[in-house]
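In the text below, chain A, chain B and the rest are named by the order of the sequence lines, each starting its count at 1. Predicted model only: the values in this text are computed from it and were never measured.
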Amino acid sequence: MTRLSSYFLPTEREAPADAEAISHILMVRAGLVRQVGAGLWSWLPAGWRVQRRVMQIVREEMNAIGGQEMLMPVLNPAEVWRRSGRYGIDELFKLQDRKGTDMVLALSAEEIVTQHIATAVRSYRDLPLILYHFQTKERDEPRPRAGVLRTREFIMKDAYTFDRDREGLDAAYDRHVAAYDRMMDRCGLEWYRVESDVGMMGGFGAHEYMAPCPAGENEIALAPGYAANVEVASAEPQPVTLPPRLDEPELVDTPGMTTVKAVARSLDVPQGALLKAFPVIVDEDAMKLVVVRGDHQVNEIKLRNALGQAFRPAHPDEVERRLGPPGFIGPVGAELPVLLDEAVRVDGRGSYVAGANRPDVHLRGVEPGRDFHYETVDVRTVLEGDTVDGSVIRIEPAIEVGNLFKLGARYSEPLNATYLDESGSEQLIWMGSYGFGPARAAAAAVEQYADEQGISWPRTLAPFDVDLVVLGQEGSEERRVADRLYSELRDLGLDALYDDRDSGPGEKFADAELLGCPVRVTVGRKALAAGEVELQIRRGRESRTIPMDGAAEAIAEVWRGLP
RNA sequence: CGGGGAGUGGCGCAGCCUGGUAGCGCACCCGGCUGGGGGCCGGGCGGUCGCAGGUUCAAAUCCUGUCUCCCCGACCA
């Protein structure tokens, strides 16, 4: 029996001074988690119950698609990380054992699991495989934040698939999509599956499962039938009214005007009528000029993907030397390859304003094609109000709860994970990886459903199904009825938290609503006199009384109908 | 890594400018009252003021250094 009087649930009336995010404040106040250091958290009994419920949902869905649960260590020899090329990651905790051997704390398990596959799998007959574990991940984040949303140590379910070819990987991936859809639904979260960046190492596709909430660190672009991480989103730009064309570009004085805003205002044109130039360096010293509309921003991830390689913004002195004074640079007359964002439209009627590569002047009447050569790219960050298939997109903050990656041979190649096909020739194994963060799912649920009174858990994640509050002292009739109700609820398979503390009703109600169990049942003198108990639905805080006879069944019935 | 803020009982804070042996609310303990929205009365326990060094007769307070935490940004395989 879980009696609150002897349960470790240290609730706080006031929010921790340094907390900002809703989930951070409420999970601490409700006694679910406690901070140990920056990005390091203990999960107290009630909080751990929540996380375990998420884990069990994830486990069931992984098993349903043929996943096999295992366990791999957190502490790894550095050697295999060197071989995979991930030893240099800044976020990777590095240490030595007593013999001086380099070790690392794993931030995921691709190396280890691939090593096992490399030594154990010989034949196409051994494939495909879906392996997963729930294990602590260690990441030396530059900036942990928002309570449990971004931490340096956390439990992640990470799954890895091994297939003989691209088709096999696609099928495994699709099965994970279906499983993840179900996990998110079962966690009671509002969620989106979004297209996402495949990352530095390339890959063949990636999705993220995003739970929209105010404290989210990511931004997602949404329109009917469209959902993408802003990092990779593409959309039709909002139109801009351009000034009329000229026979040739002409200089205009713009003294000291180094910002788009200042130039646009001075020339009385919309900011979108300017061309913003962004010089980048690739291959050590080759400069390219990326040009976007003045009201747009270069998206560095999209640019990297468009370039197909890493780049860095040019330093001011490089810009000065090869183009002109920063703030006044532009594509006209630049002896550089120009990458022009596709939102810059060339319609033969309007023209643009661009830097003249000389101090204190700009050029107006600039027309791409006529006045400079270019290659078209899609490298801008989409904006709210842009459209996809005619629908306006909105941008929402969201927290990444899960991600799916088609890795291909990213790890199997360096770690030599191969198999022999029917003809006896050696082939690389095609891999996928699939993460899910139970702590983030829990925090996202707090973020999405909290109200003035506290947390309001989805039924499937709540630490307890029912918060049973008894009002009445030791030995009272109320206590006897509540004791009986508790065991009846348990017999029906409901987990109840029994608030048997010797405190006033206000405190008990406040704590119950802070903790956020989906149903609160109150046994008190008044209702009892009428042969009833009170039942409150946490979400919406609607109350009703129900007859004492058959109360447990009635509560179970209500509970089953809750989201 | 850049910018900003904060470390004083379990939690939230005041005191610091103008040095003089630490205070408030909540929580906690004891007694009593109360008993449907954090109730009331009385009595208590609990802090070498993040750490180290310095100035001074005297340091929470002034000086120097250092550690830690939070927020914004950068970063986030």
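- Side-chain atoms of A/Tyr173 and A/Thr161 form no donor-acceptor pair, as typed in the model, at a separation below 3.5 Å.
- Between the NE2 atom of A/His24 and the P atom of B/C69 there is a distance of 13 Å, rounded to whole Å.
- Using a 4.0 Å heavy-atom criterion, one finds that A/Asp90 contacts no nucleic acid atom at all.
- Within the structure, every pair that satisfies the salt bridge (Lys or Arg N to Asp or Glu O under 4.0 Å) test and touches residues 104-117 of chain A, not counting sequence neighbours, is listed here: A/Arg86-A/Glu110, A/Arg86-A/Glu111.
- We find that CD of A/Glu507 is positioned 7 Å from P of B/A27, with the value rounded to whole Å.
- Look at A/Arg145 and you won't find any side-chain N or O under 4.0 angstrom from OP1 or OP2 of B/G73.
- For A/Arg29 and B/C11, the CZ to C1' distance is 11 Å, given to the nearest whole Å.
- Toward the 5′ end of RNA chain B lies the nearest nucleotide of A/Ala527, the other residue of the pair A/Ala527 and A/Pro142 mapping further downstream.
- Residues from residues 6-23 of chain A placing a heavy atom under 4.0 Å of any atom in RNA chain B, listed by number, are A/Glu12, A/Arg13, A/Glu14, A/Ala15, A/Pro16, A/Ala17, A/Asp18, A/Glu20.
- By the 30° and 60° cut-offs, the orientation of the rings of A/Tyr132 relative to A/Phe134 is perpendicular.
- Heavy atoms of A/Ser503 sit under 4.0 angstrom from at least one base atom.
- For B/G37, its base sits under 3.5 Å from the side chain of A/Arg520 at one donor and acceptor pair at least.
- Proximity note for A/Pro505 (side chain, C-beta onward) versus B/G37, B/A77, B/C70: the nearest is B/G37.
- Under the ring pair (Phe, Tyr, Trp, His ring centres under 6.0 Å) criterion, A/Trp191 pairs with A/Tyr209, not counting sequence neighbours.
- Comparing A/Pro144 and A/Glu300 along RNA chain B, the residue whose closest nucleotide (by nearest heavy atom) sits nearer the 5' end is A/Pro144.
- Between A/Asp511 atom CG and B/A27 atom C1' there is a gap of 12 Å when expressed in whole angstrom units.
- Listed by chain and residue number, A/Asp102 satisfy the side-chain contact (heavy atoms from CB on, under 4.5 Å) test with A/Gln96 (two or more places apart in sequence, or in another chain).
- In this structure, the CD atom of A/Glu141 is 13 Å from the P atom of B/C70, given to the nearest Å.
- Residue A/Arg143 is classed as a base contact, given a heavy-atom separation below 4.0 Å to a base.
- Remark: A/Gln35 is in phosphate contact with B/C70, judged by side-chain N or O atoms under 4.0 Å from OP1 or OP2.
- Applying the ring-ring contact (aromatic ring centres under 6.0 Å, His included) definition to pairs two or more places apart or across chains, those involving residues 28-51 of chain A are A/His24-A/Trp41.
- Between A/Glu110 atom CD and B/A77 atom C1' the separation is 9 Å, expressed in whole Å.
- For residues 1-18 of chain A, every residue pair satisfying the side chain to side chain donor-acceptor pair (under 3.5 Å) rule, not counting sequence neighbours, is listed here: A/Arg3-A/Asp500, A/Ser5-A/Asp500, A/Thr11-A/Asp511.
- Atoms CZ (A/Phe405) and P (B/A77) sit 7 Å apart, rounded to a whole Å.
- Across all strands, A/Asp502 comes closer than 4.0 Å to base atoms (heavy-atom distances).
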